[in-house]
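We number each residue from 1, following the sequence as shown.
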Amino acid sequence: MDQNYFAYALLGGLAIGLLVSIYSDIRHRLIYNSVTASIALSAPLYWLATGTFGWPEIAYYLGAGILTFLFFALFFHFGLMGGGDVKLFGAVALWFPPLVVLKFLFNASLLGALVTIIFYIIHKIRKGSGQVRVPYGVAISLAGLWCAGEQFFNHFR
């Protein structure tokens with residue numbers, strides 16, 4: 001199979017995983033470990049398919065993924081974010097080079113603010129009790145789809 005077709009197929013798999021995460025986070029406030037693990041474990045195949053499977057690139061990808069995970073683990077530690085969100089951040093960050101990961105984090109922050117506002121309004125309209133439970137996995141997944149789409153349309157540059 002041609003490497004470009006394989007890379008496109010892997011991006012399609014990433015998109016499916018992120019869409020499943022959006023659905024499950026809205027519906028059940030849960031991001032499945034099996035989906036997150038599939039996203040993380042298929043990232044090295046994507047590196048191979050795009051020709052970025054050399055030693056320095058692997059170190060950059062792993063470094064960006066690990067640092068992203070550790071940064072958001074602090075939010076989990078202080079009860080500001082769920083564990084599934086932290087794992088999803090780390091798994092998606094493995095797919096992109098460090099500069100694209102920064103764009104991914106920025107996009108997730110902007111989308112997270114929008115998702116928070118939307119769910120706050122819904123909570124107030126329904127006259128819900130307690131605090132608003134924001135499915136931040138929606139913002140993470142949308143930001144991942146955004147960056148994956150750019151990779152797809154820019155032909156892996």
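Each side-chain hydrogen bond (donor to acceptor under 3.5 Å, both in side chains) pair with one or both residues in residues 90-104, not counting sequence neighbours, appears once here: Lys103-Glu150. Applying the side-chain hydrogen bond (donor to acceptor under 3.5 Å, both in side chains) rule to pairs touching residues 60-70 yields Thr52-Tyr61, sequence neighbours excluded. Pairs of residues two or more places apart, or lying in two chains, that qualify as ring pair (Phe, Tyr, Trp, His ring centres under 6.0 Å) and include a residue from residues 99-125 are Phe89-Phe104. Applying the salt bridge (charged side-chain N to carboxylate O under 4.0 Å, His left out) test to pairs two or more places apart or on separate chains, none has a residue in residues 80-100.
Residues satisfying the side chain to side chain contact (heavy atoms under 4.5 Å, CB included) criterion with Leu19, sequence neighbours excluded, are Ile22, Leu145. Applying the side chain to side chain contact (heavy atoms under 4.5 Å, CB included) rule to Ile58 yields the partners Trp47, Phe53, Leu62; only residues at least two apart in sequence or on another chain are considered. Applying the side chain to side chain contact (heavy atoms under 4.5 Å, CB included) rule to Ile122 yields the partners Ile118, Arg126; only residues at least two apart in sequence or on another chain are considered. Listed by chain and residue number, Phe71, Phe72 satisfy the ring pair (Phe, Tyr, Trp, His ring centres under 6.0 Å) test with Phe75 (two or more places apart in sequence, or in another chain). Residues passing the ring pair (Phe, Tyr, Trp, His ring centres under 6.0 Å) test with Tyr136: none are found, sequence neighbours excluded. The side chain to side chain contact (heavy atoms under 4.5 Å, CB included) search around His28 returns Leu30, Tyr32, not counting sequence neighbours.
Other residues, nucleotides and ligands contribute only 12 or fewer heavy atoms inside 6.0 Å of the CZ atom of Arg133.
With a 4.5 Å cut-off between side-chain heavy atoms of Ile, Leu, Val, Met, Phe, Trp and Tyr, the cluster of Leu99 takes in Leu102.
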Let me check something: any side-chain donor-acceptor pairs from residues 108-117 under 3.5 Å, sequence neighbours excluded? List them with distances.
from: Ser109; atom 1: OG; to: Leu105; atom 2: O; distance (Å): 2.9
from: Thr116; atom 1: OG1; to: Gly112; atom 2: O; distance (Å): 2.7

